[in-house]
Amino acid sequence: MTTPSLIAADWGTTNFRLFLYDEAGQVIARHAANIGLKNLGVLSFEQALLSVLKGDFAGLEHLPFLLSGMVGSRQGWVEAPYAACPASLQTLADGLVKAPSDLDVAIVPGLFAESPGTGLLNVMRGEETQIFGILQSDPSDGFFVLPGTHSKWALVRGGKIESFSTHMTGEMFQVLKAHSILGLLMENSTDNEEVFLKGVERGMYNRAFLSVIFSVRTEALFNHIAPEHLATYLSGILIGAEIVAELERHGKSPVRLVGDGALVDLYEKALAFAGFTDVTRFDGNAASESGLWAIHKLRSSK
């Protein structure tokens, strides 16, 4: 029989995933809940956390908690300041911040870095835990691509996150679809690989980005793309523009693609179209689980 030893969570703006570990670091229970930062309502963070300790998690309030993600932002439970890159797993363990609670809650810091060649500052929260989780089983150097609302491209060398850049690809897609003239023409969106790759190609090879996204409207007006495929076309343009920016900086380096679901499927297709021949896919939840346990082990060894 296993003995529970740690409760950890990936706690973001919209998503919340809870993990229960035994003393050997195996996850013995999981739970997802609708208590992302924007869904807390009148609940405090402590109240929200206690509210999900049911079933396999019931009666385990005495265990240590380790939280990663936006819960450590200025809008979160308590701010866990960003640590500078290059950053190692030890950097995260050293930067843990205790939450103001009677529970034993520690929060993982985020990271900040200057985007290579641009002078632009970038930040991440949660993705660093996933990256170090994957490094536990695959410690080789290379690039990590983490698609999402704010997609990340991170360079890892010698077990450290050296630098990374951010692209507001997912958020731009939602804004344009919901709040621009482009969305008025979109109907009952369905996937179409040919249309998606047309968008990727145009996003990659046409530098007049604002002109390219207007083509979503003209392609519809002249019946070149069906209304149900316009969202797919727009997604392709945005992802293509993201990929070409990184391609110019880093070339067609091996990529570890982190995540799951339809969005990661699209990135996999777009990367292949762009000529990336060495792409390995990793499950995002499993990466978070591994990273949180690795941080806990390092903290416990002090």
Side-chain angles (χ1 to χ4, degrees), residues 10-17 32 34 36-39 68-70 122-131 133-134 143-154 164-180 182-183 186-204 209 212-213 216 225 228-247 254-276 278-289 291:
D10 174 16
W11 199 341
T13 303
T14 56
N15 297 317
F16 175 90
R17 294 184 295 269
N34 188 31
L37 268 64
K38 71 177 185 180
N39 302 321
S68 176
M70 290 299 289
N122 287 272
V123 295
M124 66 166 63
R125 284 194 188 275
E127 295 93 348
E128 73 293 321
T129 302
Q130 293 179 312
I131 291 171
I134 293 168
F143 282 94
F144 285 75
V145 178
L146 301 97
T149 304
H150 299 157
S151 297
K152 308 292 181 184
W153 290 64
F164 60 91
S165 55
T166 304
H167 300 264
M168 291 181 64
T169 308
E171 186 165 358
M172 181 64 74
F173 174 81
Q174 293 298 333
V175 168
L176 290 173
K177 183 180 178 184
H179 302 291
S180 81
L182 304 181
M186 297 178 184
E187 298 177 5
N188 303 319
S189 298
T190 58
D191 292 336
N192 181 295
E193 184 170 341
E194 181 181 354
V195 171
F196 171 71
L197 292 179
K198 177 186 284 189
V200 171
E201 182 176 30
R202 288 179 171 175
M204 286 184 64
F209 175 72
V212 178
I213 59 175
V216 175
I225 296 178
E228 62 268 24
H229 297 150
L230 289 175
T232 294
Y233 176 61
L234 174 61
S235 179
I237 292 172
L238 295 171
I239 292 173
E242 174 185 329
I243 288 174
V244 75
E246 297 296 336
L247 186 61
V255 163
R256 278 168 278 189
L257 183 61
V258 185
D260 47 56
L263 179 60
V264 179
D265 293 341
L266 292 178
Y267 271 77
E268 197 166 26
K269 292 175 183 177
L271 287 165
F273 177 84
F276 287 81
D278 188 354
V279 177
T280 307
R281 188 162 167 171
F282 291 85
D283 178 78
N285 289 335
S288 293
E289 293 174 9

For the atom pair CD1 (Ile134) and CG (Leu146), what is the distance rounded to the nearest 0.5 Å? 7.0 Å
Specify the closest pair of heavy atoms between Leu247 and Ala274, including all atoms of both residues, with the distance to one decimal. CD2-O, 4.4 Å
Judged by atom type as modelled, is there a donor-acceptor pair below 3.5 Å linking the side chain of Glu127 to the main-chain atoms of Arg125? yes
Show the nearest heavy-atom pair for residues Met70 and Leu37, with the distance to one decimal. O-CD2, 3.3 Å
Any non-hydrogen side-chain atom of Leu176 less than 4.5 Å from a side-chain atom of Leu234? yes
Any Leu230 side-chain heavy atom under 4.5 Å of Leu182 side chain: no
Is there a side-chain contact between Phe196 and Ile239, using heavy atoms and a 4.5 Å cut-off? yes
Verify, without hydrogens or angle tests, whether Asn122 (side chain) and Thr166 (backbone) share a donor-acceptor contact under 3.5 angstrom. yes
Do Val175 and Met168 have side-chain heavy atoms sitting under 4.5 Å apart? no
Between the side chains of Lys38 and Thr13, does any donor sit under 3.5 Å from an acceptor? no
Here the pair of heavy atoms bringing Val264 nearest to Asp260 is CG2-N, 3.4 Å
Glu289 side chain vs Ala287 backbone, donor-acceptor pair below 3.5 Å: no
Pairwise distance NZ(Lys198) to OH(Tyr233) - rounded to 0.5 angstrom: 7.0 Å
Would you mind reporting whether Ile237 and Val216 have side-chain heavy atoms less than 4.5 Å apart? yes
So, taking the atom named NE2 in His167 and the one named CG in Leu238, what distance separates them when rounded to the nearest 0.5 Å? 12.0 Å
What pair of heavy atoms forms the shortest contact from Gly240 to Met204, and how long is it? O-CG, 3.2 Å
Could you pull out the closest heavy-atom pair between Arg281 and Gly261, with the gap in Å? NH2-O, 3.5 Å
Met172 side chain near Ile213 side chain, heavy-atom distance below 4.5 Å: no
So does Pro147 get a backbone contact from the side chain of Ser151, meaning a donor-acceptor N/O pair under 3.5 Å? no
Evaluate the side-chain proximity of Leu257 to Phe282: yes if any heavy-atom separation is below 4.5 Å, no if none is. no
How far apart are the closest heavy atoms of Ser235 and Leu266, and which atoms are they? OG-CD1, 3.8 Å
If the test is side-chain hydrogen bond (donor to acceptor under 3.5 Å, both in side chains), which one of Lys152, Glu242, Glu246 qualifies with Ser165? Glu246
Interatomic distance, CD1@Ile243 vs CG@Leu271, rounded to 0.5 Å, equals 4.0 Å
How long is the span from the OG1 atom in Thr232 to the CD atom in Glu194, to the nearest 0.5 Å? 12.0 Å
For salt bridge (charged side-chain N to carboxylate O under 4.0 Å, His left out), just list the numbers for Arg256 and Asp278, CA-CA rounded to whole Å, side-chain angles, deciding distance to a tenth of an Å, and then say yes or no. CA-CA 9 Å; Arg256 278 168 278 189; Asp278 188 354; over 6 Å; no
Indicate yes or no for a side-chain donor-acceptor contact from Glu171 to the backbone of Thr149 under 3.5 Å, with no hydrogens or angles considered. no
Hey, could you give me the OG/CH2 distance between Ser68 and Trp11, rounded to the nearest 0.5 Å? 12.5 Å
